[in-house]
Colleague: 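The structure that follows is given in the form of structure tokens.
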There are 2 protein chains.
Amino acid sequence: MTEVNIKYLAAKLKLSPSTVSRALNDSYEISQPTKDRVIAMAKELNYQPNPFARSLREQKSKTIAVIIPERINNFFSQVIDGIEEITQEYGYHLLVYSTHENVETERKIVSYLLNGRVDAIVMSVSSQTKKIDHLETVYSKGVPLIFFDRICQEIPTTKFISNDYENGFKATVHLIEKGCKKIFFLMLSKEISIGRERLRGYQDALKKYGLPYEENWIVQCSQSEEANIKLIAKILYGLDRPDGILASVEKLAIATYYAARETKLEMAKDFKMVSFSNMKIAGLLKPSLTTISQPAFEIGSEMAKLLMKKLTKPNQPAFENKVIQMPSQIDFRESSN
Amino acid sequence: MTEVNIKYLAAKLKLSPSTVSRALNDSYEISQPTKDRVIAMAKELNYQPNPFARSLREQKSKTIAVIIPERINNFFSQVIDGIEEITQEYGYHLLVYSTHENVETERKIVSYLLNGRVDAIVMSVSSQTKKIDHLETVYSKGVPLIFFDRICQEIPTTKFISNDYENGFKATVHLIEKGCKKIFFLMLSKEISIGRERLRGYQDALKKYGLPYEENWIVQCSQSEEANIKLIAKILYGLDRPDGILASVEKLAIATYYAARETKLEMAKDFKMVSFSNMKIAGLLKPSLTTISQPAFEIGSEMAKLLMKKLTKPNQPAFENKVIQMPSQIDFRESSN
DNA sequence: AATTTTGATGCAAACGATTTCGGGCCAAAG
DNA sequence: CTTTGGCCCGAAATCGTTTGCATCAAAATT
């Protein structure tokens with residue numbers, strides 16, 4: 001298929017393969033006239049270097065793996081757009097995997113990547129991830145690793161999140177100021193870091209305002225959209241029903257819309273809601289949704305910048321063990337008014 | 001980094017590398033006891049074959065490129081989910097690229113993939129793609145190629161779309177039956193195939209019902225969200241304003257919501273709208289949106305099945321030059337009622 | 001004039017896997 | 001007793017690049 005390789009070029013030019021290679025890589029050892037000849041011929045024959053031969057030799061792939069829990073989610077799409085924006089400039093490629101919030105899938109994907117297929121991994125862990133030995137393996141193998149959003153605190157590397165604690169706090173205060181007394185907190189799973197931080201903010205806000213709260217106001221939802229709707233509907237039907245809801249992830253806010261519709265309760269009037277979400281059309285919903293949205297694109301591009309620095313410059317140290325917070329934005333809309 | 005390779009295994013086992021390779025590939029030439037020993041040792045040392053060495057030798061990468069015009073779009077996300085569902089079973093990897101509707105980016109991406117980096121390409125062309133020599137190059141190089149949604153008719157390969165003509169027709173008829181007399185058609189670009197088919201359906205429906213239509217009812221929008229909103233708002237303000245709108249892509253429907261808001265017109269009452277869209281929450285908008293949604297996941301998985309058949313079985317013929325239509329679904333909601 | 005330096009290029013060995021070829025060995029068949 | 005053929009295995013070539021080292025002429029130095 002790809003007939004034209006370095007050897008072929010060399011034969012055509014009556015040079016040795018090594019000279020051709022060096023000329024193409026602009027080595028100082030090659031004279032300008034020769035370089036020009038080689039480059040001209042390469043262009044003419046439309047020579048494209050074989051990436052595998054190069055990767056094999058150089059022990060690097062110019063490829064980065066991005067692992068996300070789900071694809072149908074604006075936040076993750078925006079993050080990947082941000083990553084791509086930077087990596088494309090450097091000629092890096094992106095292998096994208098979705099775990100579908102499944103740990104087993106996550107483990108399998110990660111295991112595929114331990115053999116040098118990628119130069120680095122950027123990931124957001126699944127909501128079911130509890131045991132983290134597979135992530136420790138990645139780290140111990142020396143594969144550069146960055147976490148974002150759903151981070152894994154135990155691995156000593158750089159992590160990117162937004163100011164979740166602060167926003168959990170602010171959102172809760174906002175609901176309190178709007179008169180809510182019984183604010184429920186919807187979360188996907190206790191495992192995920194992000195949920196925990198947002199929860200802390202929520203709890204501290206209640207505490208600060210001297211509001212009591214019950215253990216069962218913290219609602220653990222599942223992966224099943226239907227089950228979540230049922231669960232939330234049941235809560236909205238309940239005697240002890242909330243007058244405020246803080247949804248820690250977008251999909252639970254959506255489920256709440258459907259649950260409200262089922263129970264014939266009117267959001268904003270019968271109960272108020274704020275959600276963490278990067279949905280673009282939050283303003284078009286009925287009622288429009290008050291959101292806390294993360295700087296997704298920037299998180300992606302910042303991660304990529306860090307990666308490119310490490311991968312393209314010599315003698316770079318390992319990623320520092322630190323958490324970088326990027327500020328979220330709150331947009332107040334009808335659902336909490 | 002990755003110390004454990006075939007040579008190392010061979011040394012450990014006091015066998016030759018070739019025997020180890022054969023044992024791992026379950027060759028008939030190797031005795032069962034030897035195979036067992038090798039496999040046990042490989043597992044113990046957690047041997048992972050080097051993908052580049054293998055790709056170099058075998059001239060295949062077990063990687064597929066997916067090129068889409070934008071990431072922040074449920075349709076494309078679902079298609080990729082569908083592709084991944086199948087390819088993951090076969091151990092294939094997905095390189096995902098977004099062109100951001102930019103032809104130049106598309107050309108660049110495509111050129112990266114001509115050197116054997118991927119075993120096949122699945123793509124939806126950008127709305128700006130007019131000249132198609134870069135796609136012809138892909139085809140002539142023999143890289144298996146499948147188009148979907150935004151297809152390129154000129155390349156003789158298999159394409160997947162939904163029944164766009166039919167649905168353009170049906171949607172228009174629906175609007176007519178709801179009493180619309182002046183139905184405008186919003187499209188991104190004349191270049192994209194998908195828009196043209198939908199447009200044909202629209203035109204034929206008008207013709208069938210004996211409704212007149214003006215050339216300027218077909219509105220060419222751009223990539224800029226703001227510009228589109230302004231343009232649509234201007235149309236809604238106009239003397240000759242529509243009482244019905246058919247949006248050929250989701251983002252134009254969204255723009256119409258904002259335009260309506262700006263002009264203080266009430267969708268559904270002052271004008272009706274139907275849109276092609278795979279948005280999950282169309283039902284939660286205000287007013288809820290009547291949509292024609294494509295079987296995105298199935299389109300993805302069907303494409304992947306075809307690909308896997310070609311790539312994993314010997315002596316498979318090239319993809320047939322045909323268009324496969326998968327039926328869309330219309331969901332009637334408030335916006336057209 | 002003899003030697004060293006420099007500049008430009010070629011040779012050959014990697015990188016890690018697969019595979020062709022061929023070599024023993026042993027049992028069954030001629 | 002020779003031949004055939006299956007079975008098990010190893011040596012070495014191969015895929016396309018990059019790179020340490022060798023080469024070799026011309027220029028510079030002593």
Side-chain angles (χ1 to χ4, degrees), chain A residues 1-39 41-42 45-63 91 112 114-119 141 314, chain B residues 1-39 41-42 45-63 91 112 114-119 141 314:
Chain A
M1 180 137 58
T2 29
E3 284 292 322
V4 44
N5 53 25
I6 281 206
K7 234 184 279 178
Y8 181 79
L9 276 184
K12 273 264 180 189
L13 290 159
K14 297 205 189 304
L15 286 171
S16 82
S18 51
T19 304
V20 175
S21 171
R22 274 186 267 251
L24 292 173
N25 292 332
D26 201 29
S27 161
Y28 68 99
E29 304 182 271
I30 306 295
S31 68
Q32 199 54 52
T34 311
K35 277 185 190 171
D36 294 342
R37 273 182 66 216
V38 172
I39 289 171
M41 179 65 80
L45 299 183
N46 193 27
Y47 165 72
Q48 299 281 18
N50 181 305
F52 305 118
R54 184 174 277 176
S55 292
L56 177 58
R57 175 66 217 230
E58 309 234 288
Q59 306 286 32
K60 56 182 172 181
S61 61
K62 288 203 129 197
T63 303
Y112 290 150
L114 295 176
N115 51 16
R117 185 180 288 274
V118 295
D119 295 342
K141 283 247 179 184
Chain B
M1 181 139 53
T2 29
E3 284 293 324
V4 44
N5 54 23
I6 280 208
K7 234 184 280 177
Y8 182 79
L9 275 186
K12 273 266 181 188
L13 290 159
K14 298 206 188 303
L15 286 171
S16 82
S18 50
T19 304
V20 174
S21 170
R22 275 187 271 249
L24 292 174
N25 291 333
D26 202 28
S27 159
Y28 70 96
E29 304 183 272
I30 305 296
S31 69
Q32 199 54 52
T34 310
K35 279 184 190 170
D36 293 343
R37 273 182 66 215
V38 172
I39 291 170
M41 181 65 81
L45 299 184
N46 193 28
Y47 165 72
Q48 299 281 16
N50 181 305
F52 305 119
R54 185 176 275 173
S55 291
L56 178 58
R57 175 65 217 232
E58 309 233 289
Q59 306 284 33
K60 56 183 173 180
S61 61
K62 288 204 127 194
T63 304
Y112 290 150
L114 295 176
N115 51 15
R117 186 181 287 274
V118 296
D119 295 342
K141 283 248 179 185

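Worth saying up front: this structure is predicted, and the values here are computed from it rather than measured. Here is how names work: the chains are called A, B, and so on, in the same order as the sequence lines, proteins then strands, and each is numbered from 1. These values consider heavy atoms only, across backbone and side chains, with no hydrogens, waters or symmetry-generated copies.
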Colleague: How close or far is atom P of dT6(C) from atom OH of Tyr28(A), stated in whole angstroms?
Modeller: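 In whole Å, dT6(C) P lies 12 Å from Tyr28(A) OH.
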Colleague: What is the distance from CZ of Arg117(B) to C1' of dG16(D), rounded to the nearest Å?
Modeller: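 To the nearest whole Å, that distance equals 14 Å.
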Colleague: OP1 or OP2 of dT18(C) less than 4.0 angstrom from a side-chain nitrogen or oxygen of Asn25(B), does that happen here?
Modeller: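 Answer is yes, contact under 4.0 Å.
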Colleague: Return whichever of Lys14(B) or Arg57(B) has its heavy-atom-nearest nucleotide of DNA chain D closer to the 5' end.
Modeller: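 Counting from the 5' end, the first nearest nucleotide belongs to Lys14(B).
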Colleague: Is there a side-chain contact (heavy atoms from CB on, under 4.5 Å) between Asn5(A) and Asn50(A)? Walk through the geometry before answering.
Modeller: CA-CA 8 Å; Asn5(A) 53 25; Asn50(A) 181 305; over 6 Å; no
Colleague: Side chain of Glu58(B) only, please: which of dT18(C), dC9(D), dG16(C) is the nearest?
Modeller: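 The listed nucleotide nearest to Glu58(B)'s side chain is dT18(C).
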Colleague: Taking Lys35(B) for the side chain and Ser27(B) for the main chain, is one N or O donor matched with an acceptor at less than 3.5 Å?
Modeller: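 Side chain of Lys35(B) to backbone of Ser27(B): a pair is present.
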Colleague: Please determine, for the side chain of Ser21(A), which listed nucleotide (dT18(D), dA17(C), dG10(D)) has the closest atom?
Modeller: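 The nucleotide sitting nearest to the side chain is dT18(D).
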Colleague: What's the CD-P distance between Glu29(B) and dT18(C), to the nearest Å?
Modeller: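 Distance, rounded to whole Å: 14 Å.
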Colleague: Using side-chain contact (heavy atoms from CB on, under 4.5 Å), reason through Arg117(A) and Thr63(B) one step at a time and then give a plain yes or no.
Modeller: CA-CA 11 Å; Arg117(A) 185 180 288 274; Thr63(B) 304; 4.0 Å; yes
Colleague: Nearest of dC9(D), dT19(D), dT17(D) to any side-chain atom of Arg22(A)?
Modeller: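 Nearest listed nucleotide: dT19(D).
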Colleague: Have a look at Ser31(B) and say if it touches a base, only the backbone sugar-phosphate, or nothing, with a 4.0 Å heavy-atom cut-off.
Modeller: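 Sugar-phosphate contact only.
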Colleague: Would you say a side-chain N or O of Asn5(A) is under 4.0 Å from OP1 or OP2 of dC15(D)?
Modeller: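 Indeed not, no polar side-chain atom of Asn5(A) lies that close.
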Colleague: Looking only at heavy atoms, which two atoms of Leu45(A) and Tyr8(A) are closest? And how far apart?
Modeller: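 Between these two residues, the closest heavy atoms are CD1-CE2, 3.6 Å.
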Colleague: Arg54(B) side chain to Pro49(B) main-chain N or O, any donor-acceptor pair under 3.5 Å?
Modeller: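 The answer is no, because no donor-acceptor pair under 3.5 Å joins these two groups.
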Colleague: Give one of base, sugar-phosphate or nothing for Pro51(B), where a contact means two heavy atoms less than 4.0 Å apart.
Modeller: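 No contact at all - Pro51(B) keeps every heavy atom at 4.0 Å or more from the nucleic acid.
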Colleague: Donor-acceptor pair, Ser21(B) side chain versus Pro17(B) backbone, under 3.5 Å?
Modeller: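 Checking the backbone N and O of Pro17(B) against the side chain of Ser21(B), no donor-acceptor pair under 3.5 Å is found.
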Colleague: Distance check needed: dG10(D) C1' versus Leu13(B) CG, whole Å only.
Modeller: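 Checked: the CG to C1' distance equals 15 Å.
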Colleague: Please confirm whether the shortest side-chain N or O distance from Ser55(B) to OP1 or OP2 of dC15(D) is below 4.0 Å.
Modeller: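 No, Ser55(B) has no side-chain N/O under 4.0 Å of OP1/OP2 on dC15(D).
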Colleague: Taking only N and O in the side chain of Thr19(A), is any of them less than 4.0 Å away from OP1 or OP2 of dG10(C)?
Modeller: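 So the side-chain polar atoms of Thr19(A) do come within 4.0 Å of the phosphate oxygens OP1 or OP2 of dG10(C), strictly under.
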Colleague: Whether Gln59(A) contacts dG16(C) is assessed here as follows: a side-chain N or O lying under 4.0 Å from the phosphate OP1 or OP2. Is that the case?
Modeller: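 Checking Gln59(A) against dG16(C): at least one side-chain N or O falls below 4.0 Å of OP1 or OP2.
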Colleague: In whole angstroms, how far is the C1' atom of dT9(C) from the CG atom of Leu9(A)?
Modeller: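 Nearest whole value for this atom pair: 16 Å.
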Colleague: To the side chain of Leu56(A), which of dT18(C), dC9(D), dG16(C) is closest?
Modeller: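 So the side chain of Leu56(A) is nearest to dG16(C).
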Colleague: Rounded to the nearest angstrom, tell me the gap between atom CZ in Arg54(B) and atom P in dC15(C).
Modeller: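 One finds 19 Å between P of dC15(C) and CZ of Arg54(B), rounded.
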Colleague: So does Tyr47(B) get a side-chain nitrogen or oxygen closer than 4.0 Å to the phosphate oxygens (OP1/OP2) of dA17(C)?
Modeller: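 Yes.
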Colleague: Using whole Å, report how far CD1 of Ile30(A) lies from P of dT9(C).
Modeller: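 Atom CD1 in Ile30(A) sits about 6 Å away from atom P in dT9(C).
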Colleague: When the nearest nucleotide of DNA chain D is assigned to Ser18(A) and to Lys7(A) on a heavy-atom basis, which residue is associated with the more 5' position?
Modeller: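 This one resolves to Lys7(A).
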Colleague: How many whole angstroms separate atom CG of Asp26(A) from atom P of dT9(C)?
Modeller: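 Those two atoms, CG and P, are 14 Å apart.
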Colleague: When you get a sec, tell me which of dA8(C), dG16(C), dG10(C) is the closest nucleotide to the side chain of Thr34(A)?
Modeller: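 Output: dA8(C).
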